[in-house]
Every structure is written in C-alpha cells, then in structure tokens.
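Being a predicted model, the structure only gives us computed values, none of them experimental.
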Amino acid sequence: MGGELMVSRSQAENDFIKSLIEDNGEDHWIDCHDMNTERHCSSQSICGLGWSKWGDTCYARTDEPLSWTEARERCSKMGGEIMAPQSQAENESVRRLIEDSQEDHWIDCNDMKTERQWVCGGDSMQTYRNWTLYEPNYSGSGPHCARMIPTGVWRDYSCSGFYYAVCKYHIGEVDFQMRSWRLLSSCLMDHVICEFSVPSINGCAVKCSKKSGCQSFNVLHQGDKRICQLNDAKRFDVNKEEFVQMTKPLSIYGEQLTSLRE
C-alpha cells in the first residue's frame, strides 16, 4: 500500500482516526507494542489519551479557558491537579506541551494568601521561578496568579482572568516489575473483587499478583487519590461493553503479559 502502520501523536490525530474507523465497528491495529525492552508508546498507554508523560508524572491541558479557581477545580475533575514546574527541566517539558496552542496557561503559583508573597505548588518553600523580565508586575485587580506563556516564561495576572491551565497527576515510576504488565488507558467494569487506596500503579500491580483470583486491575485517579480495583476477569473474558475507555475519572487498566491470549 506504500505506507506504514501508524500511532496517534496527539489528541487531534487520535480523534481523526476515530472518525475514520468508527462506522465499521471493528478494532484496528496501530504501531504500539512491547516487542522491545521499552514500550513503543508507553507515555500514551500509561497516561491515557490527551495526557503526556514526563518522568513519573502525566500532564494535560484544560479544554477551555477558565479563571484560576475554576481551572484548579477542572484539573481535579480530570483526575489530577493544577501544576507548578519545580525545575527548569519540568518547565521545558510543559512548554513543549503548550507551545503549539499559542495560548497562555495557568500554573499553580499565586499570592492569594499574602499579597506579593508567592506560593507555588501549595508550598511557600518551593524556590523555582521562571518569571520573564519585569514580572511579576501585579497587573489587574485582586489576588494574582501565574501563567506560562508559549515561550515557557511566566507572567502574573489577576486570578479572575480566563486562560487555559496545565494539569498533572503522578503515576509513580514504572519499575522493572511493571514490564510484565500491559497497561492501557481503559477500565474493566463490573468485575471488582475489592478496592482500596494505593500510592502508585506499581502498588496495585503488586496487590493483584498476591491476591487469589485477581486477573487484572484498574487504577482510578481521583484528585490526589489513587484507587486500586482488583478484578476477577481480563478484558478478553468479558463483553466489549464492559471494557471501556475512561477519562473522568482517568483509569489505567493492567493485566499480566504472560496471561494474554494469542
């Protein structure tokens, strides 16, 4: 055919492919596999559609401009929290996420508690800042919040202004043990044996491997909480309607590679 097998590189591209295949009702292979030591599409599989992975954290943009307070609430509903870069490397990663939009984005820095005393990431001791020249200049009325512009530097403005925002959630490092698990941005419904809070995806995988009858797991991201659900079935054992993609709350589904059917 003169082409190559593809994998979506963005939400927009994924939406286009969805429109291309949805009418025939069939599943389609994409260029995403674990034939090598490193998974070919690990960031999208682990983080979910619309999220990008950097280190042990996934990032996404809100889908509309909001006030800073509304943006914080929207990030929570998306399964994460509004973020503040803690290093130049993380700032650069977020810059790459937003640069194509050519929009300013709220980040988690503000002087709401005490005027001109900036708190970033909920911690007054966090020292990293990336203000552009002559900022913050305290333009606009009321408390001030920080926004990142597409070049990666920060500016301040009244928190009542409307901008997009950058959200994040932590997944924990995917360690060597996790290489024996396939992770998908989906959820297996109605097969839960038990559920409990965990600090990371790794913790849920360990619980499943030790629990008698556990065939797979879901990890639901609810704000700063991670809910582990242990399942008594795998995706191939259930009706297609029971294995769904979830974004609110964001869910990661895991099953051991050794248990996959050919």
Side-chain heavy atoms nearer than 4.5 Å, only ILVMFWY residues, links allowed to pass through others: does that put [X] and [Y] together?
X    : Y    : answer
V192 : V219 : no
M83  : W154 : yes
I107 : W54  : yes
I98  : Y164 : no

Distance, nearest 0.5 Å, that separates [atom1] of [X] from [atom2] of [Y]:
X    : Y    : atom1 : atom2 : value
I252 : C187 : CD1   : SG    : 10.0 Å
Q126 : R129 : CD    : CZ    : 6.5 Å
E195 : C204 : CD    : SG    : 10.5 Å
L188 : Q229 : CG    : CD    : 9.5 Å
F217 : C194 : CZ    : SG    : 13.0 Å
L230 : K207 : CG    : NZ    : 9.0 Å

**Request:** May I have the step-by-step check of side chain to side chain contact (heavy atoms under 4.5 Å, CB included) for S185 and Q245, ending in yes or no?
**Result:** CA-CA 6 Å; S185 57; Q245 184 178 91; 4.0 Å; yes

Quick check: does any side chain N or O of [X] sit under 3.5 Å from a backbone N or O of [Y], one acting as donor and the other as acceptor?
X    : Y    : answer
K211 : G213 : no
N231 : A233 : no
W68  : A165 : no
E115 : M112 : no
D237 : K234 : yes
E242 : N239 : yes

For the residue pair [Y] / [X], report whether a side-chain donor-acceptor contact shorter than 3.5 Å exists.
X    : Y    : result
R147 : H105 : no
S67  : T69  : no
Y169 : E81  : no
W131 : D156 : no

Work out which heavy atom in [X] is nearest to a heavy atom in [Y]; give both atom names and the distance.
X    : Y    : answer
P85  : M148 : CG-CE, 3.8 Å
R235 : Y253 : N-OH, 3.0 Å
G254 : L183 : CA-CD2, 4.0 Å
Q86  : Y128 : O-CB, 3.6 Å
W106 : S158 : CH2-O, 3.3 Å
P65  : F162 : O-CD2, 3.8 Å

N-O pairing of [X] and [Y] below 4.0 Å:
X    : Y    : result
D108 : K168 : no
D111 : R116 : no
R95  : E92  : yes

**Asked** Around Y163, counting heavy atoms of other residues, nucleotides and ligands shown, do more than 12 lie under 6.0 Å from its OH?
**Response**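 Enclosed: over 12 neighbouring heavy atoms sit under 6.0 Å from OH of Y163.
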
**Asked** Taking the SG atom of each, are C109 and C145 under 2.5 Å apart?
**Response**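 Looking at C145 and C109, their sulfur gamma atoms do not lie closer than 2.5 Å, so the answer is no.
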
Would you mind reporting whether [Y] and [X] have side-chain heavy atoms less than 4.5 Å apart?
X    : Y   : result
Y59  : E90 : yes
R74  : D63 : yes
K240 : D27 : yes

**Prompt:** What's the verdict on side chain to side chain donor-acceptor pair (under 3.5 Å) for Y157 and E135, showing C-alpha distance, side-chain angles and the deciding distance?
**Reply:** CA-CA 10 Å; Y157 194 67; E135 296 280 350; over 6 Å; no

**Request:** Go through the steps for S251 and N218 under the test side chain to side chain donor-acceptor pair (under 3.5 Å), then give the verdict.
**Result:** CA-CA 6 Å; S251 175; N218 307 313; 4.6 Å; no

**Item:** Criterion salt bridge (charged side-chain N to carboxylate O under 4.0 Å, His left out) on E103 and R61, from CA distance to verdict
**Value:** CA-CA 11 Å; E103 299 283 351; R61 303 170 56 236; over 6 Å; no

